[in-house]
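The basis for the numbers below is simple: all heavy atoms, side chains too, and nothing from hydrogens, waters or symmetry mates. Lettering follows sequence order; numbering is per chain, from 1.
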Amino acid sequence: MIVIDGSQGEGGGQILRTSLALALVTGKRFRIERIRANREKPGLLRQHLTAVLAASEVGGAGVEGAMLGSSELTFVPRSSGRLAGGDYHFSIGTAGSTSLVLQTILPALALAENPSTVTLEGGTHNQHAPPFDFIARAFLPVINRMGAGVTAELERYGFYPAGGGCVRVSVEPAKKLARLELNERGAVRECRARAVVANLERGIAEREIAVVREKLGWSDERLHIEQVREARSPGNYVSLEIESEHVCEVFTGIGARGVMAETVAEAACDGARVYLASEAAVGEHLADQLLLPMALAGGGSFTTNNLSLHATTNIEVIKRFLDIEISVAHVANHQWQVNVG
Amino acid sequence: MSAKKCVVIGLLGPTLDNGKGAARWEKWRPSVALCQHTDLIVARFELLHQPRYTNLAETIEADTNQISPETEVRRHTVEFENAWDLEEVYGALHDFARGYTFNTETEDYFVHITTGTHVAQICLFLLTESRRFPARLIQTSPGARREGEAPGTYEIIDLDLSRYDRLASRFTQEQEAAVSFLKSGIETRNENFNRLIERIEQVAIRSRAPVLLTGATGAGKSRLARRIYELKHREHQVQGAFVEVNCATLRGDAAMSALFGHKKGAFTGAQSDRPGLLKAADKGLLFLDEIGELGVDEQAMLLRVIEEKKFLPLGSDREASSDFQLIAGTNCDLKSNVKEGKFREDLYARINLWTFQLPGLRERVEDIEPNLNYELEGYARREGTHVTFNKEARATFMRFATDSEAHWSGNFRDLNAAVTRMATLAPGGRISLEIVEEEIERLKSAWHTETNGAHSACNHALAQLLDEETLAGLDLYDYLQLESVIKVCRESRTLSEAGRKLFGASRDRRRVTNDADRLRKYLARFGLEWQLVCGASIENARS
């Protein structure tokens, strides 16, 4: 039995989700202790419980300790072989992030026997979680280049606090994920900015676009405003997409009550500027996401402009499940080289 | 957190839960917010609302389902017109609670008190406090404005006070203080007696039902009754006076009038209205000592007062009412009195709910010493003289007092008298061996006389009224006269009636015929008053 210390490194929900994802793929059972031990509200919170229950449904797994506030959890996948795949529907309470649940189950479904469909309801553009645009435009294309065929459609936006968003994902599994080298991003081909407002004044989006124009100097034909009607509650975000020869990156600022539009746009711009100023292929968030698929593929490499605590924690957890080398080298200012396998 | 499912029962808040359009999500709505917490999963929400708010309730249900797929919302209409009418709201919520199947084995219940009128909140509180909702309270509040308010915070309040350690120890202290109060602060060691007092404390605080104290003369019934009254008065459970009546001193017509009062002119000599002792005990506590001596007619009247709180004063055509707590005392076996037809069975059944048998001093020898100290302290308080035993004297007295030869037939009254005599005689406040030996002889001889049956009922009556010293100072002439006067008094309903009987022969020959005044003055010579002679005393609690 693999025993994970849930308070190590980043010490939050990421350790749990990475462990669940790896257990589903490898069929290995694990126990996680001291879950979120150093957080203000320690133990399992609602969104973590949702991820656990989704993983146990997908993997037909047995779970002990799956309740609110629990500091220990044992997860026992049904078999060590490939999962069958299937059609799944998950509703996430408190407008929780649909991306985080998808992240937990996607590796296993991408390597399953059969195709799957997953409908996720909840938040699509949350703070502190990968927004849908990032998943669809940055993350999935990389996964697909490794051999899987995953598409995601945004059926309805979901913002905090109302949620009610809907994402449909279809997964065409790969027999095996292929190695991928992402050390160069190549020339920047296209830049696009979108400011989205739902049930809010257009003026907010206009102010955000103005910030992007000023900070990044992007021309008007690259700047778009989108007014969304079908969302259930007010919501706003700015998404900056940078498509290069070898990779596409997305930087996002999520609007929140009481936060000025300019501040929201600046957050996105800052991420993009640091990335563009470096020579790295991927940004901090995509780097977090690439470690697990590359480890499952048995190898790969990438460069990033920042290696977060999430990433290093992921590396620790991956090494507990898979017998694989992961090396990290700081090669230059804002430039890290990561080699897997 | 427990593995039980969390179930919330709450009222829809027509104001707080209200909101229109997409902007309603910007607003803090308590019922929805309660289902938005990351560390709380509401498995079921029993949403109560008035029929006129059905549309709003449906919106809340849909929004809750969207935000919290784990929650099943069940809507219930409750019928009350005016949400500020306590009777109506309480009734409707009480109906709901009665009709609801609680499964506390598998579900944890929370009553949401943030929504609804203040009256509704009070009703929910009362229903939870009385365990009609076997639940804890949950209160929600909005978060800071910049955090977008939702979901804010929640607070769980458990009304089961015994769960709070510090409060539990406080209650224990309070109870111990009350028990100690009932024991007049005497640190009694007899286990049976201590248990008995603890039980009396529980009954005294929780119940207004009649209490029956049994036990031999001098076992402390009267003192205990008074302490119970003072305890209840301190706890604001009685407001009225403490009325003590010795039924043995009530005879004939006088008894009826003394207890139930009379109207002016009800009989010869009834010159003014007299409310009677039962009326005097209204909202207070009535201690009927020697209840076995109460006449049959009085028993019937008393029963009615206990059951209906109503009675008819002599000569009155209008009922009077009095609501008092009754403590009865007796030293005879009431059950056999019932068998012999001397005591009404129904009245006995009424007063026999809480019966406490006070043990005599001989059954509590380990309590003699603490009571001895208590009596010495009492003497010091009364007389302002501090009195102590010398070591040998104390040992001798205790040896005698706890010996099986010591009858203590008058129980604590005997002990009190013995201490008073020894203390009075002690030179320089020091009780010597000689004084103790003298007292032992005195007690022995008194108990010897008693067992030889030389104790007349009337002698007993005078002994009760007058203290030892006054009694000893009476000439036989005065003694015999007073004895007879008291007998006449006790057979009369009023002071005037007694006066007429006593001075009747010379009445026609006198210019001044204020017989009542003459009698009052006669009694006063012995320090006696009409009320006292007739066995009643009324006292208001000292605050």
Side-chain angles (χ1 to χ4, degrees), chain A residues 13 36 39-50 53-54 64-71 89-97 101 120-123 127 156-166 197-201 228-235 254-260, chain B residues 1-8 19-45 59-73 106-108 110 140 142-156:
Chain A
R36 305 182 63 258
R39 298 298 165 95
E40 194 191 345
K41 291 177 182 173
L44 287 180
L45 293 181
R46 222 165 141 174
Q47 61 268 33
H48 310 122
L49 201 53
T50 310
L53 297 176
E64 260 177 61
M67 52 190 169
L68 277 184
S70 181
S71 63
H89 185 139
F90 301 111
S91 292
I92 303 143
T94 67
S97 164
V101 174
L120 296 147
E121 288 183 281
Q127 303 272 11
R156 191 168 52 244
Y157 286 91
F159 298 104
Y160 185 83
C166 184
V197 281
N199 298 303
L200 290 172
E201 293 160 33
V228 173
R229 298 199 185 283
E230 68 272 29
R232 301 244 159 109
S233 67
I254 307 274
R257 198 184 150 101
V259 179
M260 298 217 308
Chain B
M1 269 264 169
S2 73
K4 286 185 186 178
K5 283 206 273 180
C6 157
V7 177
V8 170
K20 293 261 178 334
R24 70 185 184 276
W25 291 101
E26 303 267 87
K27 187 186 168 215
W28 178 72
R29 294 176 294 166
S31 295
V32 178
L34 189 50
C35 300
Q36 280 178 280
H37 289 280
T38 56
D39 58 351
L40 179 76
I41 297 178
V42 178
R44 203 164 67 246
F45 197 141
T59 304
I60 296 300
E61 179 183 359
D63 286 352
T64 304
N65 286 337
Q66 177 184 318
I67 199 66
S68 182
E70 299 97 327
T71 307
E72 176 201 355
V73 178
T106 57
E107 297 183 335
D108 237 344
F110 296 92
T140 51
R145 200 152 250 285
R146 59 187 165 76
E147 287 162 17
E149 292 187 350
T153 56
Y154 68 90
E155 208 68 57
I156 289 170

Exercise. Calculate, to the nearest 0.5 Å, the distance between atoms NE2 and CG belonging to B/H37 and A/L68 respectively.
Key: 12.5 Å
Quiz item: What closest approach, in Å, do A/P234 and B/W25 show between heavy atoms, and which atom pair accounts for it?
Solution: CD-CB, 4.3 Å
Quiz item: What distance separates B/D39 CG from A/T94 OG1, expressed to the nearest 0.5 Å?
Solution: 10.5 Å
Quiz item: Does B/E70 reach the side chain of A/T50, with side-chain heavy atoms less than 4.5 Å apart?
Solution: yes
Self-check item: Flag if over 12 foreign heavy atoms under 6.0 Å of CD, A/E201
Solution: no
Quiz item: Should we count CD of A/E64 as having more than 12 external heavy atoms under 6.0 Å?
Solution: no
Practice problem: Looking only at non-hydrogen atoms, find the nearest pair between B/P69 and A/G93 and report the distance. | Solution: CD-CA, 3.4 Å
Self-check item: Contacting moiety of A/I92, where chain B heavy atoms sit under 4.5 Å
Solution: backbone
Quiz item: By a 4.5 Å heavy-atom criterion (distance strictly below it), what part of A/A162 contacts chain B: side chain, backbone, both, or neither?
Solution: both
Practice problem: For chain B, find which of A/L49, A/L45, A/L44 contributes the most heavy-atom pairs closer than 4.5 angstrom. | Solution: A/L45
Exercise. Give, for atom CZ of A/R232 and atom CZ of B/R24, the distance between the pair rounded to the nearest 0.5 Å.
Key: 9.0 Å
Quiz prompt | Under 3.5 Å donor-acceptor, A/R46 side chain and B/I41 backbone | solution = no
